Amino acid sequence: MKTVPLCLLTIVAEAILKERLIADVRSAGAKGYTVTEAEGEGIRQRRVGEILGSNIRLETIVSPEVADRLLKLISVEYFERYAVIAYLSTVSVIRGEKYV
Amino acid sequence: MKTVPLCLLTIVAEAILKERLIADVRSAGAKGYTVTEAEGEGIRQRRVGEILGSNIRLETIVSPEVADRLLKLISVEYFERYAVIAYLSTVSVIRGEKYV
Amino acid sequence: MKTVPLCLLTIVAEAILKERLIADVRSAGAKGYTVTEAEGEGIRQRRVGEILGSNIRLETIVSPEVADRLLKLISVEYFERYAVIAYLSTVSVIRGEKYV
Amino acid sequence: MFRVLSFAKYPTGVCMLDVLRINLCSPLTLSFALGVFARLVRSELSLPRDLYTALSIYLLFALGLKGGVELSHSSLAAISGPALVTILLGCLTPVSAYLVLRKMGRFSIADSAGIAAHYGSVSAVTFIAAQQFTASVGAPAEGFMPTLLTLLEIPGIQIALAIGAFQMSAAAKANPDGTGQVARPVREIMHELLTSRSMMLLVGGLIIGTAVGESGWKPVQPVFEGLFKGLLTIFLLEMGLAAGNRLGDLKQAGLFLLGFGILMPIVHGTVGAYLGSLAGLSVGGCTVLAAMAASASYIAAPPAVRMTLPEANPTFYLTAALAITFPFNLIAGIPIYYEISKRFCS
Amino acid sequence: MFRVLSFAKYPTGVCMLDVLRINLCSPLTLSFALGVFARLVRSELSLPRDLYTALSIYLLFALGLKGGVELSHSSLAAISGPALVTILLGCLTPVSAYLVLRKMGRFSIADSAGIAAHYGSVSAVTFIAAQQFTASVGAPAEGFMPTLLTLLEIPGIQIALAIGAFQMSAAAKANPDGTGQVARPVREIMHELLTSRSMMLLVGGLIIGTAVGESGWKPVQPVFEGLFKGLLTIFLLEMGLAAGNRLGDLKQAGLFLLGFGILMPIVHGTVGAYLGSLAGLSVGGCTVLAAMAASASYIAAPPAVRMTLPEANPTFYLTAALAITFPFNLIAGIPIYYEISKRFCS
Amino acid sequence: MFRVLSFAKYPTGVCMLDVLRINLCSPLTLSFALGVFARLVRSELSLPRDLYTALSIYLLFALGLKGGVELSHSSLAAISGPALVTILLGCLTPVSAYLVLRKMGRFSIADSAGIAAHYGSVSAVTFIAAQQFTASVGAPAEGFMPTLLTLLEIPGIQIALAIGAFQMSAAAKANPDGTGQVARPVREIMHELLTSRSMMLLVGGLIIGTAVGESGWKPVQPVFEGLFKGLLTIFLLEMGLAAGNRLGDLKQAGLFLLGFGILMPIVHGTVGAYLGSLAGLSVGGCTVLAAMAASASYIAAPPAVRMTLPEANPTFYLTAALAITFPFNLIAGIPIYYEISKRFCS
Ligand SMILES: Nc1ncnc2c1ncn2[C@@H]1O[C@H](COP(=O)(O)O)[C@@H](O)[C@H]1O
Ligand SMILES: Nc1ncnc2c1ncn2[C@@H]1O[C@H](COP(=O)(O)O)[C@@H](O)[C@H]1O
Ligand SMILES: Nc1ncnc2c1ncn2[C@@H]1O[C@H](COP(=O)(O)O)[C@@H](O)[C@H]1O
Ligand code: NA
Ligand code: NA
Ligand code: NA
């Protein structure tokens with residue numbers, strides 16, 4: 001199968017940021033995203049349960065440019081003040097031209 | 001640790017396809033799969049909540065041949081008509097010989 | 001954006017191992033982890049529902065040394081006796097120096 | 001602060017406006033409205049998905065159980081007439097809906113069949129609301145109505161899907177460059193519909209209720225009857241949220257679908273009331289049968305259509321069933337069918 | 001349509017067949033059957049996992065609270081005898097189960113110990129069903145029975161796991177090429193069992209119930225007593241689904257396990273009824289104690305065994321406990337223990 | 001085994017120790033304690049997240065509905081005085097809390113404002129517990145209290161966040177090397193608070209309850225009133241688990257916050273009781289208003305503060321609100337406010 005190499009950006013963040021992150025992802029030019037519920041622990045407190053909620057794990061397949069734009073935005077807007085982690089990998093997407 | 005490089009195929013699709021996709025994955029020769037619930041948005045409508053359900057995110061670690069077979073099948077059977085996205089990456093699996 | 005290449009270790013295991021795996025991950029030196037609920041099927045039985053529970057999918061971003069230590073530990077402690085699968089990939093992490 | 005009666009015993013000789021007001025000021029209707037409102041102001045309010053599932057399991061099972069207990073008092077003779085006209089309705093309504101959509105609305109084959117599958121089946125919540133309504137105006141429906149509900153649920157979906165598949169393959173033969181996808185085998189679809197959650201719970205509940213009778217029903221009555229209206233109120237909040245989500249799609253759905261979503265139910269409701277009166281149902285029974293015929297499914301039909309006719313646009317069928325017909329029936333339809341039934345029965 | 005009484009007050013002088021029929025036609029048994037049936041026809045019906053968890057939390061907490069309120073009426077003297085024989089049962093049943101499985105069934109050490117842990121512990125739902133049954137035949141059990149339930153839950157699991165660990169390390173010494181894995185420390189296992197969800201809720205509920213007494217119980221009674229049977233009915237639907245999932249494994253489990261899953265409970269139940277009568281329990285109390293002894297845990301035992309004896313095959317213990325012994329007790333076992341108890345008590 | 005009355009009608013002339021004991025031996029308080037205990041012994045016990053959400057939706061909606069039905073009996077004149085002092089309380093308490101924290105506690109601007117937002121708002125469960133308490137000692141509060149609850153929920157959060165934003169931008173101007181982040185627009189924050197889940201359900205419930213009145217309330221009463229105390233008991237178990245999670249953070253929070261979490265409520269409660277008596281509330285009404293003023297929000301405030309003042313340390317505000325002030329009010333605070341109210345009202 002013909003596939004297109006694209007960037008898979010994964011963001012794990014505290015759940016209250018969900019709608020803001022989705023808005024950011026869309027305005028940065030991503031064509032879609034997938035969100036799953038998660039819990040976790042990092043340098044900030046452990047995140048489980050309802051009060052102050054858990055985490056979300058957002059994945060979006062984007063072009064390298066959009067990925068870079070999003071990473072910058074996240075590192076300026078959220079990194080210092082919120083519990084968030086973001087990382088990139090390369091994946092081969094079928095009909096990948098739809099996502100750039 | 002000795003690891004084996006294998007294909008990790010990720011499929012995000014509307015939830016009603018779950019059982020059909022699992023059957024496809026198994027009949028294509030995969031030795032296992034992992035499914036998580038997800039929600040998301042793509043070129044089709046936003047998928048949350050119960051009515052017409054949300055998405056599933058299915059991962060399966062397979063040999064390149066099985067991966068290719070699955071990608072073909074998905075692109076013929078589902079791509080046009082259903083909300084679905086699929087991508088491949090390479091991962092190093094311990095005791096990977098069990099999964100081919 | 002400057003990113004640091006690090007190991008992303010993913011472990012899918014039966015849910016009763018959750019707390020033990022988290023303890024292992026932390027004691028091996030990981031700075032954090034993310035857990036999502038999952039179900040799945042492998043060479044052992046299909047895992048869904050409550051009794052004997054489903055699976056968890058644990059991800060942790062670590063240095064190659066920690067990843068290796070964890071893989072060894074998992075393969076000695078859990079592989080024979082429990083339903084578990086583990087694999088590695090390389091990801092580019094922003095502010096990655098925080099996670100090693 | 002003016003206050004009105006709602007769902008309390010009410011003398012039957014009440015005028016239509018009163019009836020409408022009763023219906024509007026019930027916790028059920030108002031909870032639905034609250035849900036819609038919450039979506040309109042973009043509130044974060046949402047019910048956990050598992051709560052929605054749990055409530056729908058509860059409602060269907062309770063409906064079946066209660067119906068079964070009532071059924072244990074009914075004779076086969078009393079049911080056979082109503083059962084027959086119900087099956088007839090299940091065959092008529094998908095065809096009429098399909099023809100109107102395809103010929104007058106110029107929808108595609110898939111869209112017409114997809115929407116018709118929804119209008120050929122039945123909405124359990126509309127059924128319940130109609131039952132509550134008839135009880136509150138003092139004309140309770142027959143005890144075996146839930147049995148009719150199960151009879152009406154499936155045939156309509158099947159027939160519409162069959163029309164869709166048949167017409168599409170005819171069209172494909174005429175124009176043979178299609179993707180050539182194999183249709184899903186009918187056995188698979190039938191299996192899915194017959195073993196669906198709502199069928200299992202309704203029919204299972206009916207059988208259990210019939211088997212255990214009054215004395216077995218007593219100890220579980222506090223849950224399956226006592227909590228019914230309260231939990232239904234919460235469920236309607238969620239339905240309002242779901243319908244509110246669809247309001248934005250109304251424009252996309254277009255004026256024709258808006259008219260269809262209101263007029264088709266009135267037609268189907270009138271036919272339902274008429275056939276019900278022929279079969280000897282009471283005014284309450286006719287009203288409930290009319291509401292069933294008029295209602296559009298949004299639990300059984302959507303996944304079946306999505307699976308089998310993925311070419312049909314979900315925006316059309318979901319918006320029509322959930323954001324037009326359901327609230328119309330809830331607010332105005334049921335009282336209208338009641339008035340119509342009163343004419344046919346006298 | 002024939003109808004039977006179920007769970008209604010029933011004269012004690014009723015013959016065994018009647019008793020069986022009462023038991024079979026209760027909403028509890030029939031809901032379980034519906035769940036099994038739904039799995040057999042491969043229905044999509046399933047309860048959300050959180051609903052299952054919520055219901056089991058509710059049932060355990062309600063059981064504890066109600067038991068505590070009743071306990072506040074009981075004297076220590078009345079309880080000490082029954083408590084003693086209960087602990088004795090908790091020590092006997094895992095040993096007998098282990099020996100039968102290992103010596104007669106030729107199961108591996110791990111499998112024998114794993115299954116024995118389940119039969120040494122107790123099934124809360126079987127306990128509840130027995131309580132409902134004795135109440136319905138007019139021989140209600142003593143108020144302090146939930147206290148006995150908590151006493152029986154843990155020792156059996158512990159003893160079976162200890163036997164397993166001990167025997168396996170003996171076997172490992174004889175044949176020293178094993179993987180050399182360190183066993184989990186006993187303290188950790190004990191901590192898990194003592195602080196398990198069911199222990200917390202049962203014991204916590206007992207203490208709270210005792211502390212608040214009748215007057216504190218009143219305002220929460222509509223939830224913790226009024227809803228009990230109805231919610232239990234829904235829970236049994238889920239149990240039926242889980243058991244139905246296991247039916248396919250029956251073949252793998254083999255004939256020996258099938259016989260074990262039916263005969264071992266009868267033996268344990270007889271011993272339980274006998275010891276209960278020695279301790280001065282009423283017919284109802286003996287029946288419930290017998291049902292406890294006869295039952296196999298499928299809430300506390302499976303995770304404990306899975307954690308500590310992962311070499312034991314879950315197919316064996318889950319199928320035996322859930323798909324054989326649980327339905328056997330629900331349908332036939334409890335009435336049998338009742339008949340046996342009547343003999344011992346007269 | 002000694003047993004005490006709890007939440008039963010109780011003669012008003014009872015001494016304070018009795019009142020405390022009543023309060024301590026209620027299922028509500030004891031369930032909370034069980035939750036804390038379960039965390040202390042590191043039990044696996046936890047309620048599914050969706051159950052927590054479902055219960056809080058239920059409690060808020062039931063509160064609103066019941067309040068609305070009662071409101072339909074009240075005149076505008078009777079409410080306006082109490083409403084006024086409630087709004088006054090909503091403006092006073094965040095300021096007093098901020099000043100104490102910033103000046104005496106030397107907390108950072110963000111932390112002071114963050115904690116103040118919690119103490120300026122109100123805890124619905126504390127409100128409910130106070131209502132139950134006053135009813136149980138025979139001094140029920142006015143029917144319109146839920147209306148006051150909705151008036152008190154938002155202003156306090158807003159004012160504290162505004163103080164925080166204002167002070168921080170002043171500080172940033174003085175020291176201009178900050179990260180230069182744009183604050184979130186006030187409109188967005190207001191929208192979130194006004195359309196929050198709790199506002200929708202409380203206000204929506206109030207309006208629906210008022211519209212349907214007694215006759216519409218009847219059929220849903222078994223759910224929204226009958227189950228209230230029992231479900232609240234389960235909710236308090238979860239609250240206890242959440243508070244238990246925070247106990248470990250008490251050390252980090254420090255002695256000052258411990259004192260603040262106990263003394264600030266007493267001050268706010270006294271002011272509340274005084275203002276309530278001025279506005280003509282009954283002893284019960286004053287007690288409930290005092291408890292509201294004294295309570296700290298842990299549903300509406302935390303996400304609002306986390307979103308808008310992420311620099312504030314959640315450990316401080318969550319520990320203070322959930323692990324100090326909430327249990328203090330539940331156990332000792334409410335009876336104290338009752339005693340104080342009795343003085344002011346006589
Ligand atoms: N090293 C890591 N590996 C995987 N997930 C992490 C890691 N560090 C943090 N996370 C996730 O990111 C969330 C926020 O992290 P932090 O901002 O470090 O508290 C955590 O709750 C985890 O879910
Ligand atoms: N660019 C993307 N990145 C991540 N997930 C996506 C993307 N596009 C689509 N998806 C997921 O795939 C589902 C179906 O996509 P679509 O068929 O484009 O509507 C969406 O609901 C998303 O969960
Ligand atoms: N080939 C695979 N691809 C993805 N997930 C797998 C695969 N094999 C096993 N798993 C996951 O790992 C769990 C345990 O696998 P196993 O130990 O093989 O039963 C399964 O329940 C699946 O969730
Ligand atoms: Na219809
Ligand atoms: Na036992
Ligand atoms: Na306050």
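Note that the structure is predicted; figures quoted are calculated from it, not measured.
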Does anything in residues 143-156 of chain F form a side-chain hydrogen bond (donor to acceptor under 3.5 Å, both in side chains)? List the pairs, not counting sequence neighbours. F:Glu153-F:Ser198
Nearest heavy-atom contact between F:Thr195 and D:Arg42 is OG1-O, 4.0 Å
To the nearest 0.5 angstrom, please state how far the CZ atom of D:Phe32 sits from the CD1 atom of F:Ile208. 12.5 Å
Separation of F:His191 NE2 from D:Glu44 CD (nearest 0.5 Å): 10.0 Å
Are any of the side-chain heavy atoms of D:Ser31 and F:Phe61 separated by less than 4.5 Å? yes
To the nearest 0.5 Å, what is the distance between NZ on F:Lys218 and NZ on D:Lys229? 11.5 Å
Among F:Gly205, F:Gly226, F:Ser196, which has the most heavy-atom pairs under 4.5 Å with chain D? F:Ser196
Rounded distance (nearest 0.5 Å) linking atom CG of D:Asp50 with atom CZ of F:Arg49: 11.0 Å
Take D:Phe228 and F:Val223 through the side-chain contact (heavy atoms from CB on, under 4.5 Å) test and state the conclusion after the steps. CA-CA 8 Å; D:Phe228 197 81; F:Val223 165; over 6 Å; no
Is the closest side-chain heavy-atom distance between F:Ile57 and D:Pro48 below 4.5 Å? yes
Quick check for you: to the nearest 0.5 Å, what is the distance between F:Met199 atom CE and D:Ser43 atom OG? 11.0 Å
May I have the step-by-step check of side-chain contact (heavy atoms from CB on, under 4.5 Å) for F:Met200 and D:Val41, ending in yes or no? CA-CA 10 Å; F:Met200 280 290 134; D:Val41 299; 3.5 Å; yes
So, using side-chain hydrogen bond (donor to acceptor under 3.5 Å, both in side chains) as the criterion, who are the partners of D:Asp249 when residues are at least two apart? D:Arg246
Which atoms of F:Leu227 approach chain D - backbone, side chain, both or neither, heavy atom under 4.5 Å: side chain
I'd like to check D:Leu51 versus F:Tyr58 (side-chain heavy atoms, cut-off strictly below 4.5 Å). Are they in contact? no
Do D:Leu237 and F:Leu201 touch side chain to side chain, with heavy atoms closer than 4.5 Å? yes
